[in-house]
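Source: prediction; values computed, not measured.
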Amino acid sequence: MASVTLKGIQKRYAGNVLAVKDFNLEIQDKEFVILVGPSGCGKSTTLRMIAGLEEISDGELYIGETIVNDVAPKDRDIAMVFQNYALYPHMTVFDNMAFGLKLRKYPKDEIKRRVEEAAQILDITHLLQRKPKALSGGQRQRVALGRAIVREPQVFLLDEPLSNLDAKLRAQMRTELAKLHMRLGTTFIYVTHDQTEAMTMGDRIVVMKDGLIQQVNTPQFLYDKPCNMFVAGFLGSPQMNFIDVTLQRRDSDVYALFGDFSIKLPASKNNRGQLDAYIGKEVVLGVRPEHVHDEPEYLERYRDSTVEADVEVTELMGNETYLYLNALGNPITARVAPTSKTRAGDTIKVAFVNSKIHLFDKETSLTIVN
């Protein structure tokens, strides 16, 4: 098994286009790291540089203690699983999984042992004599994973492997991949644009935008303490609500104002004077939908941080209801109990759980306080 270290990695294309800029990351042995971000942020390019499928323009890439910038992909001891499975249609599942080992001249009995072991792990033993066209999308994905597993590589690279599956199968395969990682005890580097996959599977998440790392940490840390508005808005579904507010001091308290509404901020938000420089200035208030409530007990408890809003749409999701609101032109999403009686067309009061409010600098988008 191996660690992977990227030091100052850059990818420059013709016309001096920088796709990946000064990428620094140390991935521990056996860690499950997820690169996440919108399309075009450089996550797949980074993965392909690790695989050796893209040339590194600047920087150093280590697998274990070895620098591998100029090492051929086949000699890097990595295995890659692609979005489109890339199976040979004329070969059986067994032959697809065995192909890489045959090229490397492994003995037949060793190939058979490895393929059968991988098939057992992935529960595809009964499919070994079928051809890809006779398989479902989920089964093809397992075969693609099996082809990587038989190599027994030091590092697994997975490039959006679940994006072609339907929602139910994606959820199932997320669990399977997490189990597979624990069972194999190998380093996994996984690329996705789906923040649900990132939040549920990774030991650490690397959030990327425009070729740059925005923040690296555990899923829960990123969710609770985003370093800027991009990370705050990208992680979480429905996404965080953002409202332009002006900070005002009243006696020893700080309030966030927009229109006629004022939201009292807890003293803990300014315990080190973080907000002093922003008094009288416009900042961005962020609050997640699950911290916006229409229930009477919340309206009572947080009566210093309530706003009035028009209900535009309600969505009953089974175990919860989403309210899509408009407060003085500001769209707000609330995630409330499924028993909520609120309906489209109502005008209601909602309370913000003020201890969960985030504030961001309007010019830089950086977090002032979480």
Side-chain angles (χ1 to χ4, degrees), residues 195 223-226 229 231-271 274-276 278-362 365 367-370:
Q195 53 94 20
Y223 192 77
D224 295 337
K225 298 184 186 303
M229 283 179 66
V231 176
F234 192 80
L235 295 177
S237 180
Q239 79 156 44
M240 185 182 280
N241 299 297
F242 295 113
I243 303 168
D244 289 344
V245 298
T246 303
L247 296 188
Q248 186 184 83
R249 193 188 295 282
R250 297 179 191 165
D251 299 324
S252 59
D253 295 317
V254 177
Y255 286 79
L257 313 180
F258 72 102
D260 300 330
F261 304 127
S262 66
I263 295 157
K264 186 179 178 181
L265 301 173
S268 60
K269 296 288 178 195
N270 199 29
N271 58 3
Q274 303 96 310
L275 305 181
D276 292 351
Y278 291 92
I279 301 299
K281 294 183 179 172
E282 200 167 49
V283 299
V284 180
L285 178 150
V287 63
R288 294 203 179 276
E290 61 265 34
H291 301 134
V292 182
H293 292 273
D294 66 345
E295 298 94 333
E297 62 268 30
Y298 282 95
L299 293 170
E300 175 59 30
R301 192 185 316 163
Y302 297 101
R303 56 182 177 274
D304 289 333
S305 57
T306 62
V307 303
E308 199 171 81
D310 298 323
V311 183
E312 296 186 329
V313 177
T314 66
E315 285 182 350
L316 177 62
M317 308 299 285
N319 62 337
E320 59 192 2
T321 295
Y322 296 163
L323 308 180
Y324 296 95
L325 314 169
N326 187 307
L328 301 178
N330 293 282
I332 297 173
T333 306
R335 205 168 164 177
V336 300
T339 50
S340 172
K341 298 287 189 286
T342 300
R343 294 291 174 264
D346 293 350
T347 298
I348 62 166
K349 277 191 171 180
V350 287
F352 293 174
V353 178
N354 57 7
S355 61
K356 300 293 187 182
I357 282 172
H358 306 257
L359 294 172
F360 304 94
D361 185 299
K362 195 167 181 191
S365 295
T367 301
I368 303 167
V369 66
N370 281 312

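- Taking each heavy atom of A351 and L299 in turn, the nearest pair found is N-CD2, 3.7 Å.
- Within the 4.5 Å cutoff, the side chain of E308 has heavy atoms near those of the T347 side chain.
- For the pair L323/V336, a side-chain contact is recorded, criterion being any heavy-atom separation below 4.5 Å from C-beta on.
- When all heavy atoms of T314 and T342 are compared, the pair lying nearest together is CG2-O, 3.7 Å.
- Closest non-hydrogen pair, P338 versus N319, comes out as CD-O, 3.4 Å.
- Taking each heavy atom of S237 and R335 in turn, the nearest pair found is O-NH1, 3.5 Å.
- In this structure, NZ on K341 lies 10.0 Å from OG1 on T321, to the nearest 0.5 angstrom.
- A distance of 12.0 Å separates CD of E320 from OG of S340, quoted to the nearest 0.5 Å.
- Within 6.0 Å of CZ on R301 lie more than 12 heavy atoms contributed by other residues, nucleotides or ligands.
- Enclosure of atom CG in D260 is not indicated, since only 12 or fewer non-hydrogen atoms of other residues, nucleotides or ligands lie within 6.0 angstrom.
- Counting heavy atoms from C-beta on, the side chains of L325 and I348 come closer than 4.5 Å.
- The shortest heavy-atom contact between F360 and A232 is CZ-CB, 3.7 Å.
- Two residues are said to be in side-chain contact when any heavy atoms from C-beta on lie closer than 4.5 Å; S262 and R250 meet this criterion.
- In this structure, OH on Y278 lies 4.0 Å from CD1 on I368, to the nearest 0.5 angstrom.
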| task | Could you walk me through whether I263 and V245 pass the side-chain contact (heavy atoms from CB on, under 4.5 Å) test, one step at a time? | result | CA-CA 9 Å; I263 295 157; V245 298; 5.5 Å; no
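- Counting only distance, with no hydrogens or angles, the side chain of D361 and the backbone of S365 share no donor-acceptor pair below 3.5 Å.
- Between the CZ atom of F258 and the CD atom of E282 there is a distance of 12.0 Å, given to the nearest 0.5 Å.
- For the 3.5 Å distance criterion, the side chains of D304 and Y255 fail to qualify, holding no donor opposite an acceptor.
- One finds the CD1 atom of I332 at 10.5 Å from the CD atom of E312 (value rounded to the nearest 0.5 Å).
- Between the side chain of T367 and the backbone N or O of P226 there is at least one donor-acceptor pair closer than 3.5 Å.
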| request: Quick one: do D276 and R249 satisfy salt bridge (Lys or Arg N to Asp or Glu O under 4.0 Å)? Show the steps, please. | output: CA-CA 9 Å; D276 292 351; R249 193 188 295 282; 2.9 Å; yes
| request: Give the intermediate values and the outcome of side-chain contact (heavy atoms from CB on, under 4.5 Å) for residues I243 and V284. | output: CA-CA 6 Å; I243 303 168; V284 180; over 6 Å; no
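- Taking the side chain as every heavy atom from C-beta outward, T333 and N241 approach each other to under 4.5 Å.
- Among pairs with a residue in residues 298-357, those fulfilling ring-ring contact (aromatic ring centres under 6.0 Å, His included) read H293-Y298, at least two apart in sequence or across chains.
- Between atom CE of residue M240 and atom OH of residue Y223 there is a gap of 7.5 Å, rounded to the nearest 0.5 Å.
- Annotation: side-chain hydrogen bond (donor to acceptor under 3.5 Å, both in side chains) contacts of D253 (sequence neighbours excluded): none.
- Side chain of D346 to main chain of V311: no donor-acceptor pair is present (N/O by atom type, distance under 3.5 Å, no hydrogens or angles).
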| task | Before giving the answer on side-chain contact (heavy atoms from CB on, under 4.5 Å), spell out for V350 and V307 the whole-Å C-alpha distance, their side-chain angles and the decisive distance to 0.1 Å. | result | CA-CA 6 Å; V350 287; V307 303; 3.6 Å; yes
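- Panel note: side chain K269, backbone I357; a donor-acceptor pair is recorded below 3.5 Å.
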